[in-house]
Amino acid sequence: MKRRGKRIRRFLTGVFLSADIVSLLLLWACCLLTWVPPYFCPRLAVACLTFPIILLFNLLWLPFWLLFKPKYALVPLIGILLTGGFILDYFPLHRSPTQADADLTILSWNVMNFTYKDIKERQEELFAYIDSVDADIICLQECAGGKIAADLKERLLEQGYEHHETNGRTIYSRFPILSHDTLSAKTSLNNGVNVYELLRGEDTLVVMNTHLESNFLSTEDKYDGKAALKSRDRNELKQEGKRLWGKLANSQSNRGRQTDTLTAALDTHFARASVIVCGDFNDTPISYACQQLSRRLENAYRNKGFGIGVSYNEHLFLFRIDHLFHSNDWQTLSARVDNSSLLSDHYPLIVKLRRKY
């Protein structure tokens, strides 16, 4: 009887250990996929979105093994530590910003073409918020036109900002705009990157206002997905999951090409430039787009942010998809996603930088 009990315990331990190792392999796979252009395997690239869920599952193995087989707790512990850099990309732990005067304040914000809910009645609140940030550079996405956009332009021009807009990607700058260009790549709705050269004192600063390919998940898609989960019908879940996965895969593929266009420009024409790349990337920190930028530039939120920093806030699709990267001639003083007021389906990202001398 004792032998049988031991065999059962060994068998169950083997099963649980195998499950632990599989979950670690999945976690590592998410990290490794950030090196692979999504257009090579777009459906597989979508798996990176599951990184926080897989990470949580791996973390749960720690108390399990500590309770039942303490020595095996080393398996998830070592496995998780090996992905520590990626975890800090997703969830940095900087509690306090650097106490120093900023040389540059940047506001990056997808304003949803000023169509969010009751925004027309809250126009003055929105303008007052932008004024309160007192940014030197304001990069807006989905700011193509309409009365609110026109009123904002008039207001900021009166304050001495210079302005330029292409395909909804709008910049307001307290520094003279010397030139502007657009990086072209395959896209469905004119998403892409606007490139500006600004004159800051005697120096030239390159700012790239970025809005990469949307995931094209409509409100109906999100509601249908939640309805399928509630129904618990296996066929319905399978069909809905396959349809949404296909949409996400197509978007991943296009973002991969846009990212390659952007990084090629950084590696060649702007290799020695002082650069800031910001905007709506439509991708999480564990993605090909964000990791390719992080391998070339400093990630402001990783440097000084705290927590997940959810920047997209609609229908429980809670991710940080708005980012800012800068060349290493700048120091990040603070980086935060401001969720104090709901004026768009995105929260604004505010970053303060100091020039290294």
Side-chain angles (χ1 to χ4, degrees), residues 102-116 119-120 122-184 187 189-212 262 265 269-270 273-281 300 311 322-326 330 338 341 343-353 355:
D103 293 323
L104 196 62
T105 300
I106 305 105
L107 167 64
S108 178
W109 193 7
N110 184 321
V111 293
M112 198 182 174
N113 285 318
F114 302 112
T115 59
Y116 188 76
I119 198 65
K120 290 182 179 179
R122 301 172 66 193
Q123 176 175 323
E124 285 305 315
E125 179 186 344
L126 185 146
F127 291 171
Y129 175 80
I130 293 176
D131 288 345
S132 71
V133 176
D134 193 27
D136 300 294
I137 299 169
I138 302 170
C139 288
L140 305 178
Q141 303 85 44
E142 293 189 29
C143 183
K147 184 180 185 304
I148 297 180
D151 290 347
L152 177 63
K153 178 180 177 182
E154 181 180 357
R155 183 187 184 105
L156 292 179
L157 289 180
E158 287 177 355
Q159 295 178 20
Y161 286 89
E162 292 198 14
H163 165 271
H164 187 269
E165 182 270 328
T166 302
N167 293 326
R169 298 182 296 277
T170 302
I171 189 171
Y172 290 96
S173 170
R174 283 181 170 153
F175 311 114
I177 300 174
L178 300 177
S179 68
H180 54 83
D181 197 2
T182 302
L183 300 181
S184 59
T187 179
L189 286 176
N190 292 319
N191 294 89
V193 183
N194 291 359
V195 182
Y196 301 97
E197 288 186 305
L198 311 181
L199 182 63
R200 182 182 174 274
E202 296 180 355
D203 300 324
T204 300
L205 173 64
V206 176
V207 176
M208 299 184 177
N209 189 5
T210 305
H211 189 191
L212 299 188
L262 172 54
H269 190 61
F270 302 110
S274 182
V275 176
I276 292 169
V277 182
C278 64
D280 177 4
F281 284 72
S311 66
D322 300 88
H323 310 276
L324 186 145
F325 304 88
H326 59 80
W330 293 94
D338 188 353
S341 187
L343 297 165
S344 170
D345 59 347
H346 288 245
Y347 293 122
L349 173 64
I350 302 167
V351 174
K352 293 181 180 292
L353 302 176
R355 187 67 185 266

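Numbering starts at 1 and runs along the sequence shown.
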Participant: Quick one: are V207 and F175 in side-chain contact, heavy atoms under 4.5 Å?
Facilitator: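 Of all side-chain heavy-atom pairs linking F175 with V207, none is under 4.5 Å.
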Participant: Can you tell which of Y116, Y347, Y129 makes a ring pair (Phe, Tyr, Trp, His ring centres under 6.0 Å) with W109?
Facilitator: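 Only one of Y116, Y347, Y129 forms a ring pair (Phe, Tyr, Trp, His ring centres under 6.0 Å) with W109, namely Y129.
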Participant: Quick check: do V111 and T170 have side-chain heavy atoms less than 4.5 Å from each other?
Facilitator: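 Side-chain contact under 4.5 Å: no.
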Participant: Output, in order, the C-alpha distance, side-chain angles, deciding distance and verdict of side-chain contact (heavy atoms from CB on, under 4.5 Å) for S274 and R200.
Facilitator: CA-CA 11 Å; S274 182; R200 182 182 174 274; over 6 Å; no
Participant: Do you know which of N110, N167, N194, N209 makes side-chain hydrogen bond (donor to acceptor under 3.5 Å, both in side chains) with Q141?
Facilitator: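 Testing each of N110, N167, N194, N209 against Q141, the sole residue satisfying side-chain hydrogen bond (donor to acceptor under 3.5 Å, both in side chains) is N209.
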Participant: Residues two or more places apart in sequence or in another chain: which of them pass side-chain hydrogen bond (donor to acceptor under 3.5 Å, both in side chains) with E165?
Facilitator: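 None.
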Participant: Does any non-hydrogen side-chain atom of L104 lie less than 4.5 Å from one of I276?
Facilitator: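 The answer is yes; the side chains approach within 4.5 Å.
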Participant: Could you tell me whether the side chain of N113 and the main chain of A144 form a donor-acceptor pair under 3.5 Å?
Facilitator: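 Answer holds: yes.
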Participant: Within a strict 4.5 Å, meaning less than it, do heavy atoms of the I148 and F127 side chains meet?
Facilitator: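 With C-beta onward as the side chain, the pair touches.
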Participant: Please test V351 against H326 for side-chain contact (heavy atoms from CB on, under 4.5 Å), starting from the C-alpha separation and ending with a verdict.
Facilitator: CA-CA 11 Å; V351 174; H326 59 80; 5.5 Å; no
Participant: Using the test ring pair (Phe, Tyr, Trp, His ring centres under 6.0 Å), find all partners of F281 that sit at least two apart in sequence or belong to another chain.
Facilitator: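 Partners of F281 by the ring pair (Phe, Tyr, Trp, His ring centres under 6.0 Å) criterion, ordered by chain and then number, come out as H323, F325.
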Participant: Looking at every heavy atom in both A135 and R174, which two are closest together, and how far apart are they?
Facilitator: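 Heavy atoms only, the tightest pair is O-NH1, 3.4 Å.
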Participant: For E124, which residues count as a salt bridge (Lys or Arg N to Asp or Glu O under 4.0 Å) partner, sequence neighbours excluded?
Facilitator: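 E124: salt bridge (Lys or Arg N to Asp or Glu O under 4.0 Å) contacts with R155.
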Participant: Mind listing the closest non-hydrogen atom pair of C143 and F114 along with its distance?
Facilitator: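 Scanning both residues completely, I find the closest heavy atoms to be SG-CE1, 3.6 Å.
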Participant: Quick one: side-chain contact (heavy atoms from CB on, under 4.5 Å) partners of S179, sequence neighbours excluded?
Facilitator: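 S179 satisfies side-chain contact (heavy atoms from CB on, under 4.5 Å) with E197 only.
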Participant: How about D203 and R355: do any of their side-chain heavy atoms sit closer than 4.5 Å?
Facilitator: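 A side-chain contact under 4.5 Å exists here.
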Participant: Report yes or no: does D280 contribute a side-chain atom to a donor-acceptor pair with the main-chain N or O of H211 at less than 3.5 Å?
Facilitator: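 Between the backbone of H211 and the side chain of D280 there is no qualifying donor-acceptor contact (under 3.5 Å).
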Participant: Please name the residue in the list I137, V133, L349 that meets the side-chain contact (heavy atoms from CB on, under 4.5 Å) test with L107.
Facilitator: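 Among the candidates, only V133 passes.
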Participant: Closest heavy-atom contact between Y196 and R169?
Facilitator: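 Heavy atoms of Y196 and R169 come nearest at OH-O, 3.7 Å.
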Participant: Just jot down the side-chain hydrogen bond (donor to acceptor under 3.5 Å, both in side chains) partners of Q123, sequence neighbours excluded, or say none.
Facilitator: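 Per chain and number, Q123 pairs via side-chain hydrogen bond (donor to acceptor under 3.5 Å, both in side chains) with D151.
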Participant: Any side-chain heavy atom of D136 sitting closer than 4.5 Å to one from T105?
Facilitator: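 A side-chain contact exists here, since the closest heavy-atom pair is under 4.5 Å.
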Participant: With side-chain contact (heavy atoms from CB on, under 4.5 Å) as the test, would you mind laying out the steps for I171 and H180 before giving the verdict?
Facilitator: CA-CA 10 Å; I171 189 171; H180 54 83; over 6 Å; no
Participant: Using 0.5 Å steps for rounding, measure from the CD1 atom of I138 to the CG atom of L156.
Facilitator: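 So the gap between those two atoms works out to 5.0 Å.
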Participant: Just by modelled atom types, is the C278 backbone N or O under 3.5 Å from a matching donor or acceptor in the S108 side chain?
Facilitator: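 A pair under 3.5 Å: no.
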Participant: Restricting to side-chain hydrogen bond (donor to acceptor under 3.5 Å, both in side chains), what partner residues turn up for E158, sequence neighbours left out?
Facilitator: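 By the side-chain hydrogen bond (donor to acceptor under 3.5 Å, both in side chains) rule, E158 matches no residue at all.
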Participant: Drop me the distance from I106's CD1 to I350's CD1, to the nearest 0.5 angstrom.
Facilitator: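 Separation between the atoms: 11.0 Å.
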Participant: Atom NZ of K352 and atom CG of D103: how far apart are they, to the nearest 0.5 Å?
Facilitator: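 K352 NZ to D103 CG: 11.0 Å, rounded to 0.5 Å.
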Participant: How far apart are the closest heavy atoms of Y161 and D134, and which atoms are they?
Facilitator: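 Between these two residues, the closest heavy atoms are OH-C, 4.5 Å.
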Participant: Could you tell me whether the side chain of Y172 reaches within less than 4.5 Å of the side chain of L140, counting heavy atoms only?
Facilitator: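 Of all side-chain heavy-atom pairs linking Y172 with L140, at least one is under 4.5 Å.
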Participant: Do you know the tightest heavy-atom contact between E162 and P176?
Facilitator: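 Scanning both residues completely, I find the closest heavy atoms to be OE2-CA, 3.4 Å.
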Participant: Looking at every non-hydrogen atom in both residues, tell me the closest pair between L343 and L126 and how far apart they are.
Facilitator: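 Scanning both residues, the minimum pair turns out to be CD1-CA, 4.0 Å.
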